[in-house]
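Have a look at the structure below before the remarks.
No hydrogens, no waters, no symmetry mates; every other heavy atom, side chains included, goes into these values. Indexing begins at 1, ligand by ligand and atom by atom, following the structure's order.
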Amino acid sequence: MPMLDAAPERAGESAEQSQDTRSPVTGEPCVLLKLGELVLKGKNREVFERRLQNNIRAAVKGLGIKIQVWQREGVIVVRTESGELADVDAVARRMTDVMGIVWVHRAWRVAKDPEAAVQASLDLVAQHPALLRKGAFAIRARRRDKRFSMTSSELNILVGTKVQERYDLPVNLKRPDITVFIEVDQREVFVFTDGMPGAGGLPVGMSGRALVLMSGGIDSPVAAYRMMRRGLRVDFLHFSGMPFTGPESIYKAYALVRELDKYQGGSRLFVVPFGKAQQQIKSSGADRLQIVAQRRLMLKTAEVVAHNLGGAALITGDSLGQVSSQTLQNITALDDAVELPIMRPLIGMDKIEIMAEARGIHTLAISELPDEDCCTVLTPRRAETRAKIDDLRQIEKRLDAGEMAEQLATTLQEHRPSYGDSGA
Ligand code: ATP
Ligand code: MG
């Protein structure tokens, strides 16, 4: 049997040595990653793959597991130095949070010959829970190296026959209980039975950098997640009502960013005490325009901050019509406040959809904790739903809002909420 290019004989040994109760499979356990955005070609594809490899290494750092990352054609292989199943499992789970990966498989890397594929397949069926109840099985072989000595259907038949002989299981190609995937690659063969869906999207950082306006609410964390998933690395900016509110909203923003940090690492949260500015807006007689005027000042401040951080866009959790500040006319008035583009990935989503997504990324429970949102203090009884840009500019002229934004941007407090610190 031809040898793999890296210590395959050790892998079986260490799998046996580990505490894992699964019986070893002939080969080496590894994580096989299927990549997204298959439309990317040429240079873009290279940038995608290089960025993804770096992000994979960064994501695994916190686990304290030494890995090797190998780029194959259209897939990435992650090996652990230890070859322990528990390490491979931990790396596989971590990979489901790395943007740009569509499927995560815990696979066995075996030598590139049909016999090795047969053996690994038999081993995998042997440890499958559906074996005991005589579940139906299917073999799905495919080749990324077409020069392999057998076609995919020949492999299917060969392995299928052996599995049937050994375990006397029925074949069901439509709805199998056990599916064995066999993928013939350039240097090796991968065999696996299961997979976890990946996060999809583009590797974080591939699309540049932007600044998220992060309240303690439900929407802005989802907006941040969506844009990270499109390849943006994001910084976070939170406006607290301090000194007129307590610090609760800051704790929430901190906890939210720590949760979102698992998708990018190295996250920064900047906090601006906004209470006095809100008071000034109120004193200027903003009245029904108070909320939109506040939001414009937040955006202006964010623009200054983004400029200092090298951010090329602002991101908010606005959803059309959800609250009174989010009518079409008010959103138009918000766009007018800054030159930077404002990205609103939730603009066409229902609250129910947004909440479901927030639950999925584990931010919902944090967002639902009570706090005193800076926007709810000093809120007028009736808020304007059709803010006129000229009126807002008048207010801002009286206040010298440009100067206020510059000043507020100097009062930032920086935090580094890290997913690694959350005990995860
Ligand atoms: P969220 O659930 O994100 O708070 P919301 O439905 O409560 O959104 P608004 O309070 O009008 O709606 O806020 C709309 C957007 O404005 C937020 O998604 C966020 O991007 C930004 N924003 C609002 N308040 C703050 C804040 N205190 N600090 C930073 N950004 C804020
Ligand atoms: Mg809010």
Side-chain angles (χ1 to χ4, degrees), residues 210-227 234-242 244-254 256-257 260 269-275 277-278 281 289-306 311 313-328 330-331 333-335 337-338 340 342-347 349-355 357-359 361 363-380 383-385 387 405 408-409 411-413 415:
L211 180 64
V212 176
L213 282 89
M214 182 82 167
S215 69
I218 293 169
D219 304 333
S220 33
V222 177
Y225 173 79
R226 288 210 154 197
M227 296 319 294
V234 299
D235 297 299
F236 298 88
L237 180 62
H238 173 70
F239 295 90
S240 85
M242 302 263 276
F244 304 124
T245 63
E248 291 81 3
S249 76
I250 303 176
Y251 299 152
K252 280 175 73 177
Y254 189 96
L256 288 167
V257 173
L260 292 167
L269 167 65
F270 299 93
V271 177
V272 173
F274 199 58
Q278 289 175 275
I281 294 173
L289 288 174
Q290 177 77 21
I291 293 181
V292 181
Q294 278 173 200
R295 293 283 314 280
R296 276 175 63 110
L297 184 57
M298 283 185 191
L299 289 165
K300 283 178 190 291
T301 308
E303 187 169 47
V304 178
V305 175
L314 304 178
I315 298 169
T316 74
D318 288 309
S319 157
L320 187 62
Q322 193 194 86
V323 294
S324 65
S325 58
Q326 295 169 350
T327 60
L328 188 52
N330 285 358
I331 284 178
L334 294 177
D335 278 336
V338 288
L340 277 183
I342 303 176
M343 295 185 164
R344 299 181 172 94
L346 312 188
I347 197 73
M349 286 175 76
D350 289 359
K351 193 77 188 183
I352 302 222
E353 291 166 342
I354 299 170
M355 287 175 77
E357 201 158 314
R359 198 172 291 116
I361 59 171
T363 55
L364 185 64
I366 305 169
S367 297
E368 284 179 337
L369 294 171
D371 71 343
E372 230 178 333
D373 183 45
C374 73
C375 292
T376 52
V377 291
L378 308 177
T379 301
E384 182 58 68
T385 54
L408 284 165
T411 64
L412 294 182
Q413 264 193 354
H415 304 270

message: Quick check on contacts: which atoms of ligand 1 are under 4.0 angstrom from a heavy atom of Leu237?
response: 29 (C)
- request: Go through the steps to decide whether Arg295 and Asp318 satisfy the test salt bridge (Lys or Arg N to Asp or Glu O under 4.0 Å), and finish with yes or no.
  value: CA-CA 11 Å; Arg295 293 283 314 280; Asp318 288 309; 3.3 Å; yes
message: If I compare all heavy atoms of Glu353 with all of Met349, which pair ends up nearest, and what's the gap?
response: OE1-CA, 3.4 Å
- line: atom 15 (C) of ligand 1: of Gln294, Arg295, His238, Met355, the nearest heavy atom sits on Arg295
message: Using a 4.0 Å heavy-atom cut-off, which part of Met214 comes near ligand 1: side chain, backbone, both, or neither?
response: backbone
Rounded distance [0.5 Å steps], CD in Glu368 versus NZ in Lys252: 8.5 Å
message: Between Ser220 and Ser215 (side chain of the first, backbone of the second, donor and acceptor by atom type, cut-off under 3.5 Å), is there such a pair?
response: yes
message: Show the atoms of ligand 1 that are less than 4.0 angstrom away from any heavy atom in Gly217.
response: 1 (P), 2 (O), 4 (O)
task: Indicate, as side chain, backbone, both or neither, the part of Val323 found under 4.0 angstrom from ligand 1 when only non-hydrogen atoms are considered.
output: side chain
- prompt: Ser325 heavy atoms, cut-off 4.0 Å: which ligand 1 atoms fall inside?
  reply: 11 (O)
query: Just by distance, do the side chain of His238 and the backbone of Met214 share a donor-acceptor pair under 3.5 Å?
result: yes
- request: Report the part of Ser215 in contact with ligand 1, treating N, CA, C, O as backbone and CB onward as side chain, heavy atoms under 4.0 Å; options are side chain, backbone, both, neither.
  value: both
statement: Here the atoms of ligand 1 under 4.0 Å from any heavy atom belonging to Gly317 are 17 (C), 18 (O), 20 (O)
- prompt: Looking only at heavy atoms, which two atoms of Glu384 and Asn330 are closest? And how far apart?
  reply: O-ND2, 3.0 Å
- prompt: What closest approach, in Å, do Gly216 and Asp371 show between heavy atoms, and which atom pair accounts for it?
  reply: CA-OD2, 4.4 Å
- request: Have a look at Arg344 and tell me which of Ile315, Leu314, Ile331 forms a side chain to side chain contact (heavy atoms under 4.5 Å, CB included) with it.
  value: Ile331
query: Would one find an N or O of Met298, backbone or side chain, under 3.5 Å from an N or O of ligand 1?
result: no
field: N/O separation below 3.5 Å, Ile218 to ligand 1
entry: yes
Heteroatom distance test (Pro221, ligand 1): nitrogen or oxygen, under 3.5 angstrom: no
statement: atom 21 (C) of ligand 1: of Leu256, Leu213, Val271, the nearest heavy atom sits on Leu213
Arg359 side chain reached by Glu357 side chain, heavy atoms, under 4.5 Å: no
query: Is there a heavy atom in Val222 that sits closer than 4.0 Å to ligand 1?
result: no
field: ligand 1 contact on Ile291 by region, counting heavy-atom pairs under 4.0 Å
entry: neither
